[in-house]
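No hydrogens, no waters, no symmetry mates; every other heavy atom, side chains included, goes into these values. On a predicted model such as this, the values are computed, not experimentally measured, just so you know.
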Amino acid sequence: MDKMEFRMFRWEQNPEEFGIHMVLEPQYQINDIGQYDYTGLGPMCRVYTGRGVFSGPDAIQQFNGLQVLMATRVGGELRHPIWGTDSAYLTELKMSQQSRPDYIEYSFTFRGTDEKGGIPRLPKQEDK
């Protein structure tokens with residue numbers, strides 16, 4: 001199987017978990033009598049999440065490679081071997097407490113961009 005990639009970073013082993021969350025937020029406008037009229041759907045907001053393990057003698061270098069890409073604050077192509085390619089930003093990267101130099105448990109979040117290269121605002125999630 002092909003490997004997942006972000007910009008020039010290529011995973012040696014694909015993440016164990018990968019998910020996509022998409023949201024279209026309804027848009028409203030207040031009319032002349034003060035009521036809300038539905039005007040359509042806002043931009044699609046896409047969030048890509050996953051988790052996995054970097055292992056072996058270069059585990060730290062792999063994790064640090066993602067940190068460096070995140071620090072540049074530049075988006076790029078996120079390529080998944082099954083789910084395709086999208087333009088995205090790496091917006092969150094976590095290392096688990098159980099990690100050690102040759103075994104790093106990590107998780108990530110990417111946010112998809114719109115046609116202008118911006119990141120659409122996610123709708124507020126109501127507590128359930």
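- Under the rule for a side chain to side chain donor-acceptor pair (under 3.5 Å), the partners of Glu16 that lie at least two apart in sequence or sit in another chain are Arg51.
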(request) Please report the C-alpha distance between Phe6 and Phe110 in whole Å, then the side-chain angles of each, then the deciding distance to 0.1 Å, and finally whether the ring pair (Phe, Tyr, Trp, His ring centres under 6.0 Å) criterion is met. (result) CA-CA 10 Å; Phe6 175 62; Phe110 286 89; 4.9 Å; yes
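- Atom CE in Met95 sits 11.0 Å away from atom CG in Leu66 (nearest 0.5 Å).
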Verdict with supporting geometry, Glu92 and Thr49, side-chain contact (heavy atoms from CB on, under 4.5 Å):
CA-CA 9 Å; Glu92 187 173 311; Thr49 57; over 6 Å; no
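- Under a hydrophobic-cluster definition in which Ile, Leu, Val, Met, Phe, Trp and Tyr are linked whenever side-chain heavy atoms come within less than 4.5 Å, directly or via other members, Tyr36 and Leu24 are assigned to the same cluster.
- Remark: side-chain polar atoms of Thr39 are not paired, donor with acceptor, to backbone N or O of Gln29 under 3.5 angstrom.
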List the steps, then state whether side-chain hydrogen bond (donor to acceptor under 3.5 Å, both in side chains) holds for Thr113 with Ser87. CA-CA 6 Å; Thr113 63; Ser87 180; 3.1 Å; yes
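- Atom CD of Gln67 is surrounded by more than 12 heavy atoms from other residues, nucleotides or ligands within 6.0 Å.
- Applying the salt bridge (charged side-chain N to carboxylate O under 4.0 Å, His left out) test to residues at least two apart or on different chains, the pairs with a partner in residues 23-48 are Arg46-Asp86.
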For residues 52-62, dump all side-chain donor-acceptor pairs below 3.5 Å to protein atoms at least two apart in sequence or in another chain.
from  : atom 1 : to    : atom 2 : distance (Å)
Asp58 : OD1    : Gln62 : NE2    : 3.1

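- With a 4.5 Å cut-off on side-chain heavy atoms, Val47 and Thr109 count as touching.
- Taking the side chain as every heavy atom from C-beta outward, Arg121 and Cys45 never approach each other to under 4.5 Å.
- You'll find the side chain of Met8 reaches within 4.5 Å of the side chain of Leu69, heavy atoms only.
- Pairs passing the side chain to side chain donor-acceptor pair (under 3.5 Å) check and including a residue from residues 70-84, sequence neighbours excluded, read Glu5-Arg79, Arg7-Thr72, Glu77-Arg79.
- Counting only heavy atoms from C-beta outward, the side chains of Phe108 and Phe18 approach each other to under 4.5 Å.
- In the hydrophobic clustering of ILVMFWY residues, with side-chain heavy atoms under 4.5 Å counting as a link, Ile82 and Met4 come out together.
- The salt bridge (Lys or Arg N to Asp or Glu O under 4.0 Å) search around Lys116 returns none, not counting sequence neighbours.
- For the pair Lys3 and Asn14, the minimum side-chain heavy-atom distance is below 4.5 Å.
- Checked against salt bridge (Lys or Arg N to Asp or Glu O under 4.0 Å), Glu115 has no partners two or more places apart in sequence or in another chain.
- Hydrophobic clustering, with ILVMFWY side chains joined whenever heavy atoms are under 4.5 angstrom apart, keeps Met44 apart from Tyr89.
- Placement of Met70 and Val68 in two distinct hydrophobic clusters is found when ILVMFWY residues are connected by side-chain heavy-atom separations under 4.5 Å, directly or transitively.
- Within the 4.5 Å cutoff, the side chain of Leu90 has no heavy atoms near those of the Tyr48 side chain.
- Ile104 and Phe9 fall within the same hydrophobic cluster, where Ile, Leu, Val, Met, Phe, Trp and Tyr residues are linked whenever their side-chain heavy atoms come under 4.5 Å apart, directly or through other members.
- Formation of a donor-acceptor pair under 3.5 Å by the Ser96 side chain with backbone atoms of Tyr106 is not found in this model.
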